[in-house]
Amino acid sequence: MSAQTHTRHHPAAAPGGIGTRLPWWALALPTLAFVALLTLILNPADAHAAGGDPAITHLVERVRELVAR
């Protein structure tokens with residue numbers, strides 16, 4: 001006797017390809033992390049850095065000025 005294999009057919013799957021469905025948090029968590037890091041970059045008063053390279057600080061300030069326009 002042979003065991004039968006049951007396969008699932010997802011209507012969202014592309015013909016000839018593998019369809020995947022991501023849970024809601026698979027998109028929400030990276031988005032939240034990106035927004036949090038962007039907020040720290042745009043508002044350096046909230047980021048308590050130990051003092052970095054002046055060139056990097058200048059670059060971040062320049063980006064902040066360009067975004068604020």
Side-chain angles (χ1 to χ4, degrees):
M1 253 195 219
S2 63
Q4 291 184 350
T5 305
H6 297 284
T7 59
R8 295 182 184 172
H9 181 340
H10 295 287
I18 298 175
T20 58
R21 284 186 50 127
L22 295 175
W24 65 268
W25 51 264
L27 183 61
L29 289 180
T31 303
L32 181 64
F34 175 77
V35 169
L37 290 173
L38 187 62
T39 302
L40 285 175
I41 289 173
L42 294 179
N43 193 1
D46 291 341
H48 303 289
D53 186 15
I56 294 173
T57 304
H58 180 69
L59 177 65
V60 170
E61 283 298 319
R62 182 72 178 147
V63 170
R64 182 173 164 243
E65 290 171 5
L66 291 173
V67 172
R69 288 183 184 184

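Keep in mind that the numbers below use all heavy atoms, side chains included, and drop hydrogens, waters and symmetry copies.
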Discussion item. With side-chain contact (heavy atoms from CB on, under 4.5 Å) as the criterion, how do L27 and L22 come out once you've worked through the C-alpha distance, each side chain's angles and the decisive distance to 0.1 Å?
Written reply: CA-CA 8 Å; L27 183 61; L22 295 175; over 6 Å; no

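Remark: of the listed residues L37, L38, T39, T39 is the sole one forming a side chain to side chain contact (heavy atoms under 4.5 Å, CB included) with V35.
Here the NE2 atom belonging to H58 is positioned 9.0 Å from the CD atom belonging to E61, to the nearest 0.5 angstrom.
Under a hydrophobic-cluster definition in which Ile, Leu, Val, Met, Phe, Trp and Tyr are linked whenever side-chain heavy atoms come within less than 4.5 Å, directly or via other members, F34 and V67 are assigned to the same cluster.
When all heavy atoms of V60 and I41 are compared, the pair lying nearest together is CG1-O, 3.7 Å.
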